[in-house]
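So that the names make sense, note that chain A is the first sequence line, chain B the second, and so on, each numbered from 1. It should be emphasised that the depicted structure is a prediction, and the values quoted were computed from it without experimental measurement.
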Protein chains: 2
Amino acid sequence: MEKSKKDQIYEAAARLFRDKGYQATSMRDLAKEVGLQASSLYNHFPSKADVLREICMNNAQRFLAGMHEVEAHEGSASEKISSLIRLHVQLSIEDVTSVTAFNDEWRHLEEPHLSAFLQLRKNYENRFQAIIVEGIAAGEFKPVNPLILSYTLFSAVRWLYDWYQPGKKITAKMLEDEILGILMEGVRK
Amino acid sequence: MEKSKKDQIYEAAARLFRDKGYQATSMRDLAKEVGLQASSLYNHFPSKADVLREICMNNAQRFLAGMHEVEAHEGSASEKISSLIRLHVQLSIEDVTSVTAFNDEWRHLEEPHLSAFLQLRKNYENRFQAIIVEGIAAGEFKPVNPLILSYTLFSAVRWLYDWYQPGKKITAKMLEDEILGILMEGVRK
DNA sequence: CCTACCGATCGGTAGG
DNA sequence: CCTACCGATCGGTAGG
């Protein structure tokens with residue numbers, strides 16, 4: 001099954017947005033990447049803003065789907081948080097679109113899409129923080145500030161997207177385990 | 001002592017670059033911010049690229065100066081790493097230019113300045129990682145991968161710049177202590 | 001420091 | 001899906 005031209009554009013856009021940023025990526029850059037003229041892109045997407053919007057909204061849904069799955073499983077709060085950190089690591093190194101959406105380029109969304117995106121994101125954060133609160137109440141976690149902890153965990157994996165080289169010596173599994181160890185157990189011996 | 005017009009431009013640029021990104025900030029935006037015409041900016045900076053370059057280079061030097069101070073003090077590796085994490089937190093919440101430089105906008109530097117910046121950054125990272133190696137050898141830290149740990153620590157504070165509201169209930173000191181606790185001792189009770 | 005203006009490039013459209 | 005083209009905006013310059 002071939003990838004549709006629309007999918008090719010979508011993926012090339014995510015790559016360019018990650019590497020150069022949304023504003024620095026022109027429709028002519030994007031067209032060249034997929035072997036079209038700039039004007040032909042408009043047969044697949046109504047506007048440049050729409051390409052970004054699709055990437056951001058799809059990925060907000062992906063994170064929320066991951067959250068839904070974690071919530072559905074029985075497990076302690078620390079098992080749930082561990083699964084979510086693994087989710088963030090995996091998406092960061094496997095899927096370039098997730099990074100575009102979650103990190104920086106969502107800033108360039110226009111209203112009303114910006115508000116819609118932020119609402120999905122807020123929902124994800126709230127559910128993440130609820131698990132932290134649950135873990136503290138159960139005596140699994142130290143009594144940290146749930147807001148600070150959640151943002152620290154989200155950011156802690158933000159360097160992966162421009163550092164991790166797939167197929168290198170470090171496997172995704174090793175990376176997940178190492179990062180999980182640092183965040184859950186700390187650095188001090 | 002008044003701030004010079006050049007300093008005003010420099011600071012307004014850092015704020016705009018952080019909020020909208022380098023590419024999305026026009027010289028006309030920047031001019032309006034400081035009450036000038038766009039063409040008048042060129043009496044203070046030779047180009048838009050030069051404004052970014054000054055911000056990035058100054059801040060690379062600031063991080064290296066912080067590193068130098070930490071290295072000069074006697075202390076265990078974990079004291080040094082703690083001081084450096086505090087440095088990152090402080091710069092993130094106190095100085096908008098540091099964020100522009102360290103996080104994302106340095107990507108828009110042009111050669112040969114991009115290479116020069118990356119070299120300073122690499123030097124900082126190497127010295128940071130050397131302290132981690134020293135801490136592991138001394139039995140202070142768990143035997144983690146120094147590269148992974150260093151990047152995890154750098155990123156862990158990257159959310160602060162668009163979240164922290166000075167004068168809010170949470171003081172800078174509380175924030176530093178909380179983040180240090182999470183990273184050094186871990187979350188699990 | 002301003003007015004006036006430049007060539008280049010942008011996102012996007014018309015028409016086929 | 002292409003050619004041809006649009007108005008707007010960009011970084012930057014000339015001249016005073």
Side-chain angles (χ1 to χ4, degrees), chain A residues 2-57 100-101 104-114 117, chain B residues 2-57 100-101 104-114 117:
Chain A
E2 293 274 314
K3 270 178 193 163
S4 73
K5 205 77 189 176
K6 177 167 177 173
D7 288 349
Q8 288 176 40
I9 295 168
Y10 178 97
E11 283 170 28
R15 217 177 321 114
L16 288 169
F17 292 169
R18 177 197 60 180
D19 293 340
K20 314 176 29 163
Y22 173 76
Q23 293 273 356
T25 300
S26 73
M27 290 302 264
R28 284 155 179 87
D29 293 335
L30 179 51
K32 193 182 292 178
E33 204 75 8
V34 294
L36 291 179
Q37 295 300 316
S39 57
S40 302
L41 297 173
Y42 293 88
N43 293 315
H44 302 283
F45 288 93
S47 70
K48 183 183 173 187
D50 245 75
V51 182
L52 180 65
R53 191 181 56 73
E54 281 202 23
I55 292 173
C56 290
M57 291 305 173
T100 300
D104 296 295
E105 304 307 324
W106 60 264
R107 288 171 179 275
H108 298 109
L109 288 169
E110 292 157 19
E111 294 294 0
H113 309 298
L114 177 58
F117 176 82
Chain B
E2 292 274 314
K3 270 179 193 162
S4 74
K5 204 75 189 180
K6 178 168 177 173
D7 289 348
Q8 289 176 39
I9 295 168
Y10 178 97
E11 285 170 25
R15 218 178 319 115
L16 288 169
F17 293 168
R18 179 197 59 181
D19 294 340
K20 313 174 33 162
Y22 173 76
Q23 293 273 357
T25 300
S26 73
M27 290 302 262
R28 285 154 179 88
D29 292 336
L30 179 51
K32 193 182 292 178
E33 204 75 8
V34 294
L36 292 178
Q37 295 299 316
S39 59
S40 301
L41 296 173
Y42 294 88
N43 293 315
H44 302 281
F45 288 92
S47 69
K48 183 185 174 187
D50 246 76
V51 182
L52 180 64
R53 192 182 54 74
E54 280 203 23
I55 291 174
C56 289
M57 292 305 172
T100 299
D104 295 295
E105 304 307 324
W106 60 266
R107 288 170 179 274
H108 297 109
L109 288 170
E110 293 157 19
E111 293 294 2
H113 310 298
L114 177 58
F117 176 82

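- Regarding A:Gln23, its CD atom lies at a distance of 10 Å from the P atom of D:dC10, rounded to whole Å.
- Residue B:Ser40 places at least one side-chain N or O closer than 4.0 Å to OP1 or OP2 of C:dC2.
- Spacing between atom CG of A:Leu30 and atom P of D:dC1 amounts to 13 Å, rounded to whole angstrom units.
- Put simply, CZ on A:Arg28 is 16 Å from P on D:dT9, counting in whole angstrom units.
- Considering only the side chain of A:Asn43, D:dC1 comes nearest among C:dC1, C:dC5, D:dC1.
- Among D:dG11, D:dT3, C:dC2, the nucleotide with an atom closest to any side-chain atom of B:Gln37 is C:dC2.
- Side-chain contact between A:Ile55 and A:Glu105 is absent, with no heavy-atom pair separated by less than 4.5 Å.
- Within the 4.5 Å cutoff, side-chain heavy atoms of A:Lys6 are placed close to those of A:Glu54.
- Protein atom NZ of A:Lys48 is 8 Å distant from nucleotide atom C1' of C:dG11, rounded to whole Å.
- Pairs of Watson-Crick or G-U wobble type, with distances under 3.5 Å, assemble into runs of 3 or more in DNA chain D at these ranges: C:1-16 with D:1-16.
- Going from atom NZ of A:Lys5 over to atom CG of A:Leu36 covers 4.5 Å, rounded to the nearest 0.5 Å.
- Of the listed nucleotides (C:dG11, D:dC1, D:dG11), C:dG11 has the atom at the smallest distance from the side chain of A:Met27.
- Counting only heavy atoms from C-beta on, B:His44 has its side chain closest to C:dC1 among D:dC5, D:dC1, C:dC1.
- Taken from CG in B:Leu16 to CD1 in B:Ile9, the straight-line distance is 12.0 Å, to the nearest 0.5 Å.
- Atom-to-atom, CG of B:Leu41 to P of C:dC1 comes out at 9 Å; the value is rounded to the nearest Å.
- Separating the NZ atom of A:Lys5 from the P atom of D:dC1 is a distance of 6 Å, rounded to the nearest angstrom.
- For A:Leu36, whose side chain is taken as the heavy atoms from C-beta onward, the closest listed nucleotide among D:dG12, D:dC2, C:dG11 is D:dC2.
- Side-chain contact between B:Asp29 and B:Lys20: present, with at least one pair of heavy atoms (C-beta onward) separated by less than 4.5 Å.
- Here the C1' atom of nucleotide C:dG11 and the CD atom of A:Glu110 are 11 Å apart, to the nearest Å.
- The closest side-chain heavy-atom distance from B:Lys48 to B:Tyr22 is below 4.5 Å.
- The shortest distance between the side-chain N/O atoms of B:Ser39 and the OP1/OP2 oxygens of C:dC2 is not below 4.0 Å.
- Rounded to whole Å, the distance from OH on B:Tyr42 to C1' on D:dG16 is 19 Å.
- Note: A:Ser4 OG to A:His44 NE2 = 8.0 Å, rounded to the nearest 0.5 Å.
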